[in-house]
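Below is one structure; the comments refer to it alone.
Everything numeric here is computed off the predicted structure, so don't read it as measured data. Residue indices begin at 1 and follow the sequence shown.
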Amino acid sequence: MTADLSRRAVLRLGALSATVAAAVPLAACSGGYDDAPDPLAPLLATAEADAAAARKLPAGGDAAGQVADARAAQAAALKAEVDRLNRPKRAANVPAAPVGLAGFKDRLAAARKQAEDLVPALPAYRAGIVASVAAGCAGLQRVAPELGPGADAKPAAAPSPVPKEAVDSLQKALAAEHASLWVYGLVTAFLPGDFGEAVKAGRAEHTARRDVVTQMITSVSATPVAPEAAYVPPKPVTDTASAAALVASAEADTAAAWLAVLTHTDDSGLRGMALQALIAAARRGMPWRQEAGQKPAAVALPGQPS
């Protein structure tokens, strides 16, 4: 392999997150003060309540700790944005704290739906934060049986028409899908047979999104980016744990790429597609992180720079 190929094709953990970071919060520069209640405030109140309640569980174990830490991180991200705009806040109707881990099943499902419903109409930067919250809750639903399993992401469906200004971010998402498919092919040789269904399902989802995105890019008379001839994993793959870690890193890069699509368009259809791809990556990545021994297993804000 040439040095040039290695430089171009290397898989970098979080490499696509820089694209997301470029979507800086410019809303503060717009004219006028909006005195309508902040739609993020109820989401913030629920996240804060969940974090506090999870920490008080007498026998929640690691799963409760992950819920507490993830919801606290989500609350911190939401609070920073709510405080930045400083819009009026109204009291949120937060359900009573659950007495056991199973009580968070409905709360996570409700928080995920609440966040998903907000994404289409929010300004781009805010939509990115809220989309990550939705995906984070979706990942938490897979941490323990008591919390889920939660609904899978919706299948890939292209919006019509495809916004031409989204082609660049879609090309990056397509590149991430190509890389993920290569990873799933590589790790097969290092995983026991009981991982077969997870590998098969992951490859099927990535293949479906690759094909849809390819068609989308072609529909606006652009040439879809091709897969690299080879990729270089960030660390050698030698066993089950290292194979799982590589899949987890590929899913993290995929999440970052789709979050970038979401934050670079105002088209509600494309945002919806990108949101479902982000959720899918978060849900696929969680068990692979768990298998690799990574902590936390569920990422609080998938797609966001760590």
* Check the pair L170, V162 against side chain to side chain contact (heavy atoms under 4.5 Å, CB included), reporting the backbone distance first and the verdict last. => CA-CA 10 Å; L170 284 170; V162 176; 4.0 Å; yes

* **Chi angles and distances behind the side chain to side chain contact (heavy atoms under 4.5 Å, CB included) call for R112, I279** => CA-CA 10 Å; R112 172 181 167 180; I279 288 171; 3.6 Å; yes

* Asked: Can you list the steps and then say if D69 with R55 is a salt bridge (charged side-chain N to carboxylate O under 4.0 Å, His left out)?
  -> CA-CA 9 Å; D69 291 344; R55 294 200 192 286; 3.0 Å; yes

* To do: Could you walk me through whether H178 and Y231 pass the side chain to side chain contact (heavy atoms under 4.5 Å, CB included) test, one step at a time?
  => CA-CA 10 Å; H178 286 319; Y231 298 86; 3.6 Å; yes

* **Stepwise side chain to side chain contact (heavy atoms under 4.5 Å, CB included) test for S169 and T265** => CA-CA 9 Å; S169 59; T265 184; over 6 Å; no

* Evaluate the salt bridge (charged side-chain N to carboxylate O under 4.0 Å, His left out) criterion for residues D117 and K113: first the C-alpha distance (whole Å), next the side-chain angles of each, then the deciding distance (0.1 Å), finally the verdict. => CA-CA 6 Å; D117 289 347; K113 185 179 186 308; 2.7 Å; yes

* Please step through salt bridge (charged side-chain N to carboxylate O under 4.0 Å, His left out) for the pair K105 and E146, ending with a clear verdict. => CA-CA 7 Å; K105 178 177 180 177; E146 297 92 335; over 6 Å; no

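Each of L44 and V94 belongs to its own hydrophobic cluster when Ile, Leu, Val, Met, Phe, Trp and Tyr are linked at side-chain heavy-atom distances under 4.5 angstrom. Taking hydrophobic clusters as Ile, Leu, Val, Met, Phe, Trp and Tyr residues chained together by side-chain heavy-atom distances below 4.5 Å, I129 shares a cluster with L43. By the criterion of side-chain heavy atoms lying less than 4.5 angstrom apart, applied directly or through intervening Ile, Leu, Val, Met, Phe, Trp or Tyr residues, L181 is not grouped with V187; the two fall into different hydrophobic clusters. In the hydrophobic cluster analysis, where Ile, Leu, Val, Met, Phe, Trp and Tyr join through side-chain heavy atoms closer than 4.5 angstrom, V199 is grouped together with W182. In this structure, L278 is not a member of the same hydrophobic cluster as L140, with clusters built from ILVMFWY side-chain heavy atoms closer than 4.5 Å.
How far CD1 of I217 is from CG of L174: 5.0 Å, rounded to the nearest 0.5 Å. One distance of note links CG of L122 with OG1 of T263; it measures 12.5 Å at 0.5 Å rounding. One distance of note links CD of Q276 with CG of D152; it measures 10.5 Å at 0.5 Å rounding. Annotation: the span from D83 atom CG to L78 atom CG amounts to 10.5 Å, rounded to 0.5 Å. Taking OG1 of T46 as the start and CG of L108 as the end, the distance is 11.0 Å to the nearest 0.5 Å. Going from atom CG of L259 over to atom CD of Q304 covers 5.0 Å, rounded to the nearest 0.5 Å.
Between R107 and V67, every side-chain heavy-atom pair lies at or beyond the 4.5 Å cut-off. F104 places a side-chain heavy atom less than 4.5 Å from the side chain of D50. Inter-residue side-chain proximity for E81 and Y125 is flagged as met; some heavy-atom pair is nearer than 4.5 Å. Contact check for R203 versus S180: no side-chain heavy atoms found under the 4.5 Å cut-off. For the pair M273 and W258, the minimum side-chain heavy-atom distance is below 4.5 Å. The closest side-chain heavy-atom distance from V237 to L186 is below 4.5 Å. Side-chain contact between C137 and R71 is present, with at least one heavy-atom pair separated by less than 4.5 Å. Between F195 and P287, the closest side-chain pair of non-hydrogen atoms is not below 4.5 Å.
The shortest non-hydrogen separation linking E205 to A280 is OE1-CB, 3.6 Å. Q66 approaches P296 most closely through the heavy-atom pair OE1-CB, 3.7 Å. Of all heavy-atom pairs spanning A274 and V261, the tightest one is CB-CG1, 3.9 Å. Closest non-hydrogen pair, Q294 versus A248, comes out as OE1-CB, 4.1 Å. Of all heavy-atom pairs between L101 and L147, the closest is O-CD2, 3.6 Å. Residues P159 and G269 come closest through the heavy atom pair CB-C, 3.8 Å.
Here the side chain of Q74 pairs no donor or acceptor atom with the backbone of L301 at under 3.5 angstrom. Between the side chain of E291 and the backbone N or O of T240, no donor-acceptor pair lies under 3.5 Å. Put simply, the side chain of Q171 gets close to the backbone of T223: a donor and an acceptor are under 3.5 Å apart. No donor-acceptor pair under 3.5 Å is formed between the side chain of H264 and the backbone N or O of A124. Under the 3.5 Å distance criterion, the side-chain polar atoms of R87 are matched with a main-chain donor or acceptor of P37. Using a distance-only test at 3.5 Å, with no hydrogens or angles considered, a donor-acceptor pair links the side chain of R283 to the main chain of G150. With hydrogens and angles disregarded, no donor-acceptor distance shorter than 3.5 Å links the side chain of R284 to the backbone of G202.
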May I have the list of side-chain donor-acceptor pairs in residues 209-216 shorter than 3.5 Å, sequence neighbours left out?
{"residue": "R209", "atom": "NH2", "partner": "K154", "partner atom": "O", "Å": "3.1"}
{"residue": "T214", "atom": "OG1", "partner": "R210", "partner atom": "O", "Å": "2.8"}

